[in-house]
Amino acid sequence: MLAVLLVAVDATVLGLATPFLSEDLRPSGTQLLWIGDIYSFVIAGLLVSMGSLGDRIGRKKLLLSGSVAFGGISVLNAYATSPEMMIVARALLGVAGATLMPATLALIRNIFHDPRERSLAVGIWGAMASAGAAVGPIVGGFLLEHFWWGSVFLINLPVMAVLVLVGVKLLPESRNPRPGPWDVPSVLLSLIGVIGVVYAVKEAAAHGFGGGVAATALTGIAALTWFVRRQLSLPVPLLDMRLFQHRGFRGAVLADLLTILGLSGLVFFLSQYLQLVQGRDPLEAGLAEIPAAVGAVATGLVAGRAARRFSVRAVVSGGLAAVGLALAAVTLFGEHTGYPALGTVLLVVGVGAGFSFTVTADVILGSVPKEEAGAAAAVSETAYELGAALGIALLGTVVTGVYRGFTTPRGIPAGAAASAHESLGGAVEAAHGLGRQGDALLAAAQESFMSGLRVAAGGGALILLLTAGAAWVLLRGQRLAESPPQEGTEGAESAESAENAAGGGARADAAGASAVDRRR
């Protein structure tokens with residue numbers, strides 16, 4: 001859980017520190033987007049490789065070594081002196097971060113053989129991520145009011161230290177007893193493919209579909225195609241592509257990817273809205289985001305029970321629909337929207353996401369043998385990170401594009417106007433010292449930012465509602481496994497049998513079932 005906290009805190013404090021980082025490092029609008037999404041680009045490209053590596057060398061070993069690297073690179077982030085250095089530091093943090101989340105889920109899969117216990121453990125795992133999302137802005141807000149922006153990255157160090165010192169003693173080691181070699185060409189193909197495709201999407205959204213973008217997209221698609229063909233031909237693949245024959249596995253992964261895609265644009269710009277539009281200080285902005293975490297923690301702990309009482313697809317689709325409707329409400333927000341409305345929307349987002357993400361993680365883990373837990377968990381996390389990268393690239397670019405279209409009030413110096421059009425943080429900085437003209441410039445920039453945010457929220461709402469419908473179809477007949485009637489060793493063995501028997505409707509597919517039998 002400490003590793004989950006480490007990643008969750010890091011993800012949330014960046015958004016809170018963005019206005020301060022913008023004033024100090026003065027990144028362009030494009031550089032600011034890169035600072036926000038390069039971490040997701042790199043981590044998405046490496047998650048499958050790192051999950052498979054954990055299956056081979058040991059999940060505990062990978063988790064602890066990755067935690068040490070994560071803490072050290074956080075220091076590099078804290079002391080970045082230029083936008084370019086910050087982008088590189090975030091990329092390196094993505095390399096270290098790719099080792100953490102798959103290892104945590106894989107350890108849970110191998111520690112808890114009883115399906116009901118595992119559902120609760122996954123719920124606690126998700127609750128810790130949500131708690132970190134709540135604690136991060138509060139601690140980060142306090143630090144930003146008393147120290148420089150880089151201090152928000154240094155809070156990773158004490159968490160990392162406790163994780164390593166205690167984890168060495170308490171964490172059990174687990175690995176695939178017949179792992180096969182770690183295929184380096186597959187690692188390179190997955191990295192090139194994911195980064196190539198995501199980069200092409202980002203550049204096409206920002207600057208149009210030119211020759212360079214087309215070449216990058218084709219390179220990425222070719223690499224991913226080669227990756228899939230190579231996995232199907234290897235006796236022990238880096239990622240068993242036959243997992244996707246399981247309809248429940250496929251539906252859960254798709255739901256995760258599209259949900260985060262719809263949410264990420266709003267999440268990335270929410271702190272800017274609270275601070276630069278509504279004028280809240282960093283600590284107040286952090287406290288304002290707590291309802292989302294409270295809703296996610298509360299529902300994550302009971303999501304497994306709800307899915308067994310009703311159905312997997314009802315809980316997942318209902319959660320996604322709730323998030324979609326909450327995002328639709330954001331399209332009605334303005335500069336002076338009161339906190340009761342904002343807090344209610346965030347609470348609904350947290351409740352819906354808590355139900356959806358917890359159950360989909362449980363479905364994904366229950367769909368595979370425990371020996372392949374790392375690779376399966378990595379697929380889940382890849383969908384999450386890829387969705388975040390695409391969401392920031394697409395919806396973030398929408399916000400930036402709409403924002404830059406505002407008309408500069410008369411009498412504004414050319415330099416100040418150029419800075420204001422780069423980002424909202426630049427507009428706040430440019431407005432200082434311009435008197436009434438500065439007020440007019442800031443008002444025009446804030447209204448344009450809100451227009452972009454409404455468009456992004458509307459797009460996110462549409463994506464979430466469509467995903468809810470897709471989940472209702474793809475998760476039809478999916479069930480979470482039940483606890484076995486026996487105890488002890490035999491109970492653990494029958495737990496494995498029960499979960500494989502009840503893993504979902506598509507498990508009955510002959511190809512999928514025979515593939516699992518052959519691996520065993």
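Worth knowing before you read on, the calculation uses all heavy atoms, side chains too, and leaves out hydrogens, waters and symmetry mates.
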Q: In a check of side chain to side chain contact (heavy atoms under 4.5 Å, CB included) between Arg59 and each of Leu107, Leu105, Ile108, which one passes?
A: Leu107
Q: If you measure from CE on Met85 to CG on Asn77, what distance do you get to the nearest 0.5 Å?
A: 8.5 Å
Q: Can you check side-chain contact (heavy atoms from CB on, under 4.5 Å) on Leu453 and Val277, steps first, answer last?
A: CA-CA 11 Å; Leu453 187 61; Val277 176; over 6 Å; no
Q: What is the distance from atom CG of Leu258 to atom CG of Leu320, rounded to the nearest 0.5 Å?
A: 9.0 Å
Q: Between Ser419 (side chain) and Gly415 (backbone), is there a donor-acceptor pair under 3.5 Å?
A: yes
Q: Which heavy atom in Met241 sits nearest to a heavy atom in Phe227, and how many Å separate them?
A: SD-CE2, 4.4 Å
Q: Please answer whether the main-chain N or O of Gly196 pairs with a side-chain N or O of Thr216 as donor and acceptor at a distance below 3.5 Å.
A: no
Q: Just wondering, do Leu64 and Val68 contact through their side chains at under 4.5 Å, heavy atoms?
A: no
Q: Check for a donor-acceptor pair, side chain of Ser451 on one end and backbone N or O of Glu447 on the other, with a separation under 3.5 Å.
A: yes
Q: Show your working on side-chain contact (heavy atoms from CB on, under 4.5 Å) between Leu342 and Leu274 and close with a plain yes or no.
A: CA-CA 10 Å; Leu342 176 62; Leu274 292 171; 3.4 Å; yes
Q: If you look at every heavy atom in Ala321 and Ala468, which pair is closest and at what distance?
A: N-CB, 3.8 Å
Q: Where is the tightest heavy-atom contact between Phe406 and Leu441, given as atom of each residue plus distance?
A: CE1-CD1, 4.0 Å
Q: Between Ser356 (side chain) and Gly352 (backbone), is there a donor-acceptor pair under 3.5 Å?
A: no
Q: Answer whether the closest heavy-atom distance between the side chains of Asp183 and Pro237 falls below 4.5 Å.
A: no
Q: Mind listing the closest non-hydrogen atom pair of Phe333 and Met450 along with its distance?
A: O-CE, 3.8 Å
Q: Counting C-beta onward and ignoring hydrogens, is there a side-chain heavy-atom pair between Val455 and Val399 closer than 4.5 Å?
A: no
Q: With rounding to the nearest 0.5 Å, note down the distance linking CG in Leu270 to CD in Gln275.
A: 9.5 Å
Q: Would you check, one step at a time, whether the test side-chain contact (heavy atoms from CB on, under 4.5 Å) holds for Ile221 with Val197?
A: CA-CA 7 Å; Ile221 293 171; Val197 169; 4.2 Å; yes
Q: What is the distance from atom OG1 of Thr81 to atom CG of Leu25, rounded to the nearest 0.5 Å?
A: 7.5 Å
Q: Okay, side chain of Thr358, backbone of Phe355: is any donor-acceptor separation there less than 3.5 Å?
A: no
Q: Between CG of Leu462 and OG1 of Thr467, what distance do you get to the nearest 0.5 Å?
A: 9.0 Å
Q: Please give me the minimum heavy-atom distance between Thr360 and Ala255, naming the atom from each residue.
A: CG2-CB, 4.4 Å
Q: Might you point out which heavy atoms bring Leu63 and Leu100 nearest each other, and give the distance in Å?
A: O-CD2, 3.7 Å
Q: Rounded to the nearest 0.5 Å, what separates atom CD1 in Ile260 from atom CZ in Phe357?
A: 3.5 Å
Q: Would a 4.5 Å heavy-atom cut-off, applied to side chains only, mark Pro27 and Ile87 as touching?
A: no
Q: For the pair Thr337 (side chain) and Gly334 (backbone), establish whether a donor and an acceptor sit closer than 3.5 Å, ignoring hydrogens and angles.
A: yes
Q: Below 6.0 angstrom between ring centroids: does that apply to Tyr79 and Trp148?
A: yes
Q: Dump the intermediate steps for side-chain contact (heavy atoms from CB on, under 4.5 Å) on Gln446 and Leu276, then the final yes or no.
A: CA-CA 8 Å; Gln446 288 175 335; Leu276 301 182; 5.7 Å; no
